[in-house]
Amino acid sequence: MAQVRVTVDGVVYADDVEPRTLLVHYLRERLGKTGTLVGCDTSNCGACTVHLNGQSVKSCSVLAVQVDGAEVTTIEGIARDGKLHPVQEAFNECHALQCGYCTPGMIMQSIDLLGDNPDPNEQEVREGIEGNLCRCTGYQNIVRAVQSAAEKMKPGAQADVQSPVSVAGGGD
Amino acid sequence: MIPSKFDYVKPSSVAEAITALRDGGDDAKILAGGQSLIPVLRLRLATPSVLIDLGGIPELRGIREDGDRIAIGAMTAYYDVIRDDLVKQHVRLLAQATETVADGQVRHRGTLGGSLAHADPAGDLGAVALALDAELVIAGADGTRTVPASEFFVDYFTTAIGEGEILTEIRFPKHTGWGSHYEKFNRTAQAWSMVAIAAAIRVEGGTIAEARVGLTNMGTTPIRATGVEQALVGQPATADAVRAAADHVTEGTSAPSDADAAADYREHLAKVLTGRAVLAAVG
Ligand SMILES: Cc1cc2nc3c(=O)[nH]c(=O)nc-3n(C[C@H](O)[C@H](O)[C@H](O)COP(=O)(O)OP(=O)(O)OC[C@H]3O[C@@H](n4cnc5c(N)ncnc54)[C@H](O)[C@@H]3O)c2cc1C
Ligand code: FES
Ligand code: FES
């Protein structure tokens with residue numbers, strides 16, 4: 001067992017984990033944050049995308065022990081006071097999903113993309129989300145949603161990161 | 001799938017990591033960005049007894065100027081390589097190739113050292129290291145040695161890094177003012193190179209004065225296209241001259257045939273892409 005102390009969506013957790021535990025399994029099974037999904041076994045689909053110290057990563061390709069001392073934000077941590085994040089709103093308004101399985105990862109990657117490039121053209125959006133696969137939509141509305149979110153977020157209104165609020169055990 | 005059980009250590013210096021490697025024995029594995037290794041562990045294609053995470057060693061991360069070279073710590077993430085001003089100014093080809101690797105998420109985690117140590121023949125950065133005559137610094141129990149890229153890549157997934165050794169730094173000679181381009185051919189998003197060409201060219205008064213060309217996925221290791229380089233030097237930087245030189249690209253290659261492409265198709269691609277890469281570089 002190894003110790004991890006990690007801030008997830010603004011809450012500090014301290015847990016013992018097996019070194020082989022993937023971050024995505026820690027989030028889903030220990031912390032109950034099932035908003036982050038697993039869609040593949042090959043690190044290709046991006047459904048598991050979260051932010052690690054402010055950068056998007058595939059949480060199936062990071063070990064939970066590696067995030068000791070770090071800050072993780074999941075799809076469950078981006079709404080503020082009951083109000084959806086502008087990218088969530090835009091996905092809703094633009095019908096950027098059908099089954100919704102890819103959506104949490106798409107949204108997390110889109111937020112990352114807009115952080116680096118607040119006004120991406122269509123090609124830049126497509127390249128920015130190339131690590132996220134959608135089996136349903138054909139991507140058209142996803143691209144529209146990201147560009148619409150960029151409009152909403154001008155000038156540079158990025159999701160601010162919550163400061164840690166409390167210490168809680170993650171379970172068992 | 002969940003990886004099989006292993007122990008995990010996170011040394012805070014290179015010396016500690018080398019000790020951990022020795023103590024770990026045959027089954028110890030180094031963990032860098034994890035973007036090749038963790039997928040492999042998940043599929044249980046590797047079952048190491050202990051993982052030695054280099055993520056806690058600050059000296060392995062970062063980019064500095066070192067005389068006529070740019071020295072890059074093995075654990076420097078792709079994302080940081082791409083955005084670095086020294087790299088953009090002096091080794092632009094490396095930034096150009098790194099931008100094509102995988103996707104945004106993988107580029108946040110994957111490292112230059114991990115990519116070179118992994119030595120996948122379809123990996124994009126070996127051809128750049130080879131073309132630009134990079135030197136690789138390898139640390140072991142007996143100290144440090146420096147290996148030229150031309151001797152680093154031994155075979156499919158095999159490098160000059162010996163048992164108990166760690167790649168610590170990659171040094172690129174400055175190619176300030178050279179034109180460069182990485183021309184990668186693949187069919188889908190976040191896919192590996194079917195073939196790719198790394199080209200750095202120095203033009204003087206309309207004539208090609210120096211040329212460096214590296215090939216991705218045209219053999220079991222990255223390959224230096226010396227035939228093309230020699231044919232380019234002294235030629236005018238025109239489309240006809242460049243295409244004629246590009247015909248030499250298959251010399252010394254042994255292109256694989258696999259589900260993506262047959263060898264003769266790769267050879268055809270290599271010629272076309274070499275022309276494109278060099279013309280874009282002299283652009
Ligand atoms: C979806 C996806 C798409 C990808 N597409 C591409 C692509 O288009 N082009 C491309 O080039 N790559 C691609 N990759 C691979 C990616 O570039 C990896 O990051 C890279 O191959 C390994 O680097 P890493 O830092 O993640 O190393 P790790 O995965 O941690 O390690 C890889 C291997 O190298 C060894 N190692 C690592 N660092 C050292 C060191 N300093 N000293 C000694 N040994 C070491 C490890 O023990 C391991 O065997 C892709 C990966 C994914 C998941
Ligand atoms: S679950 Fe598919 S990339 Fe992580
Ligand atoms: S909406 Fe179904 S996978 Fe994207």
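Quantities reported herein were computed from a predicted structural model and do not represent experimental measurements. Lettering follows sequence order; numbering is per chain, from 1. Side chains included, hydrogens not; waters and symmetry mates left out as well; all remaining heavy atoms used.
Residue contact with chain B, scored on non-hydrogen atoms closer than 4.5 Å, involves the side chain of A:Leu133 exclusively. No part of A:Glu127 comes within reach of chain B, as not one of its non-hydrogen atoms sits under 4.5 angstrom from that chain. Neither the backbone nor the side chain of A:Cys48 comes within contact range of chain B, judged by heavy atoms closer than 4.5 Å. For B:Leu31, the part sitting under 4.5 Å from any heavy atom of chain A is the side chain, from C-beta outward, and nothing else. At a 4.5 Å heavy-atom cutoff, the contact between B:Val106 and chain A is made by side-chain atoms alone. The part of B:Leu51 that comes within reach of chain A is its side chain, from C-beta onward, which places non-hydrogen atoms under 4.5 angstrom from that chain.
Among B:Asp155, B:Thr221, B:Asn217, the one residue that satisfies the side-chain contact (heavy atoms from CB on, under 4.5 Å) test with B:Pro121 is B:Asn217. Residue B:Asp84 is tested with B:Ile82, B:Asp80, B:Val81, B:Val87 for a side-chain contact (heavy atoms from CB on, under 4.5 Å); the sole match is B:Val87.
Heavy atoms from other residues, nucleotides or ligands lying under 6.0 Å from NZ of B:Lys88 number more than 12.
For the pair A:Ile78/A:Ile111, a side-chain contact is recorded, criterion being any heavy-atom separation below 4.5 Å from C-beta on.
For the set A:Thr42, A:Leu63, A:Thr21, the entry with the most heavy-atom pairs within less than 4.5 Å of chain B is A:Leu63.
Minimum interatomic distance between B:Ala280 and B:His181 (heavy atoms only, all atoms of both residues): CB-CG, 3.5 Å.
At a cut-off of 3.5 Å, with distance as the only test, no side-chain donor of A:Asp112 or A:Gln55 sits close to an acceptor on the other residue.
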